[in-house]
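Because the structure is predicted, anything quoted here is derived from the model rather than measured. Proteins come first, then strands; the chains are lettered A, B, ... in the order of their sequence lines, and each starts at number 1. Just so it is clear, the values below take in all heavy atoms, side chains as well, and ignore hydrogens, waters and symmetry mates.
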Protein chains: 2
Amino acid sequence: MPRAHQFGSADRPVTINDIAAACGVAASTVSRALNNPGRVNPATRERIEAAARELRYVPNSQARALSSGRTGAIAVLVSDVTNPFYFGVLRGTQQQLKAAGYAQLLIDTEDSGELEAELLHKMRRSLDGAILAASRLPDKALAKLAEEIPLVTINRNVRGVPSTIIDTPAGIHQAAEHLISLGHRRIAYVSGPERSWPNEARWRAAQDVAARHRLTFTRVGPFPSGRGSGPAAADALLNTGVTACIVFNDLLAIGILQRLRERRVRVPEELSVVGCDDIFGADFCHPPLTTLTAPIEQAGRVAVSMLLSRLDRTTAPTARQSVMLPVHLTVRGSTGPILSS
Amino acid sequence: MPRAHQFGSADRPVTINDIAAACGVAASTVSRALNNPGRVNPATRERIEAAARELRYVPNSQARALSSGRTGAIAVLVSDVTNPFYFGVLRGTQQQLKAAGYAQLLIDTEDSGELEAELLHKMRRSLDGAILAASRLPDKALAKLAEEIPLVTINRNVRGVPSTIIDTPAGIHQAAEHLISLGHRRIAYVSGPERSWPNEARWRAAQDVAARHRLTFTRVGPFPSGRGSGPAAADALLNTGVTACIVFNDLLAIGILQRLRERRVRVPEELSVVGCDDIFGADFCHPPLTTLTAPIEQAGRVAVSMLLSRLDRTTAPTARQSVMLPVHLTVRGSTGPILSS
DNA sequence: CTGAAAGCGCTAACAG
DNA sequence: CTGTTAGCGCTTTCAG
């Protein structure tokens, strides 16, 4: 027995009014039954829910947003969709957002702080919040935006803005100890983009360990993060005479590895390379990359949780403002003992 | 001289009414001036635009959507965000959508046709259209959904649904010719997910070339596409006694390469491997993968163009229903002549 | 616990 | 060319 009118008698989408009519109640009661199930008579609620199912009611999120102010959409801003680092982030945010019934708006800021600010400002009314995974915004601009719209950052620490930080700097210590224990003394840090917050944090950490071991690390760069910078970075590196390097991130490290291969520089025999992040590809490049494994997906999940808990008025606003996620060193083939030749 | 009231005198978002009041015109005129600039007196339009800028007016997309039906959002559905194949797609769609002023909703269907259909159905009112990159839906379900909401598919051909097809099957011929010219006679096709449309198309193409050369290709699999399937696929492959294989996609191929390395099977000396797609990683895995380079990003861009032209009522609906994008073989280190031992 | 009524901000006829 | 008038579908007071 086919049901003829799934979409309402005029073949137009079912609204709460249709349900109200079908149940002989007011539209407002339907709205309540569907949203605040507690504040409605269980019996009528049952009827309403049944009718809604029967009619295949699908709420109109636009209308809901218009009157309630909540849109059910969260933006995730990345600086470059093609950077595999974000795969993990997106996977994490995706999972949590879907579980919580939110839609994920993916925004590529193309590494531009201006674009980032403009887009966020324009979209602030159509978003319940945003996750900034790699903001290029100055601290002040970021803090100001955070007043317009709930924000959580990943790998970016700004007063007053909740953040999920991957503690790669701590890992830099591990990485450096690893290299030093292998006999390396002349070590370089290959720098990523200048205005990148994690880049600066990593460099500071590198200087720390260096000092502790009475060494001085050479800084090479900055380079835009991306495999494309590999050749320039590798060539610069070779001029420094170091025997090992820690690279801002895996993407750049892989680019360097490729260039070194081209130039017949053997890794790790002539040069040890450590990356950061452990992205897709770090384990199957050649040689496999020793790197700081970051809980990237978890970072995405945590960021979403923090954001959602902020949106939820019922929870105390005492939630931690910053969560720090640990990394660990994963040793693969790109690092080895210094040659005693 | 700081401007105190950017957000309206009550510090609430500026609406067209504020602009209307400021200019002494009706709200509808403001709406027209901003949307159909042609249908309004140039002079008043100027004034309105100036006021809008002055007041930093940002349209409320929810309200607009509610009354106009257009939401300004396009969904891009992928079967698994972490599959690098989609990076390119997302990059392409991202570019075009942003240029056209649309927001991109990223949806991960987790390889489930049911989830895909459900999500699309639920969100159809909040979307202007959707791009299906790797639908797991049966043809009928897909065709039905296409009546609810404007759809464009990538790598999936269904009657009545516009599509962007990457012509990997044609490339399979190139790949096979390449292997055959290197002396290979026993060749396998390593199959991807059973319900994947491109997988079937590639297998058919493989059988075609085989027949033309009076050969028979062995089919191995199916395997879920992903590096995780590498070990199983590689082991199965080694049992067949083939000297070369064409693999459903690069992700799987890279997984296979890793496993072969573990098992000390030399590539390409003992086994030549060809992938499909040329994803991120195909050029730096070990050995670098010979593969069919697909214009992935372009596919994303084209899909968006097709979708947008469908949405635009002014263009004739005579737009091509299907665009075919060519691929080419990129020979790298994973294929070589058969050993004449 | 439920109904009536008033919008949310914008667009889209329809008159003028 | 422009103003008036209705809503779009839903939430949210405010009464009852």
Q) How would nucleotides 8-16 of chain D be written as a contact map, 5' to 3', with B for base contact, S for sugar-phosphate-only contact and - for no contact, using protein heavy atoms under 4.0 Å? A) BBBBBB---

Q) So do L142(A) and T153(A) actually touch side chain to side chain, heavy atoms under 4.5 Å? A) yes

Are any of the side-chain nitrogens in [X] or [Y] under 4.0 Å away from the carboxylate oxygens of its partner?
X	Y	value
K122(A)	E118(A)	yes
R156(A)	D139(A)	yes
E110(B)	K98(A)	yes

**Q.** Main-chain N/O of P162(A) paired to S322(A) side chain as donor or acceptor, under 3.5 Å
**A.** no

Q) Closest approach of L77(A) and A130(A), non-hydrogen atoms and distance? A) CD1-CB, 4.3 Å

Q.
For DNA chain D, which residues of residues 40-48 of chain A approach it to below 4.0 angstrom with any heavy atom?
A. none

Q | Qualifying residue for side chain to side chain donor-acceptor pair (under 3.5 Å) with H121(B), from E116(B), E148(B), K144(B) | A | E148(B)

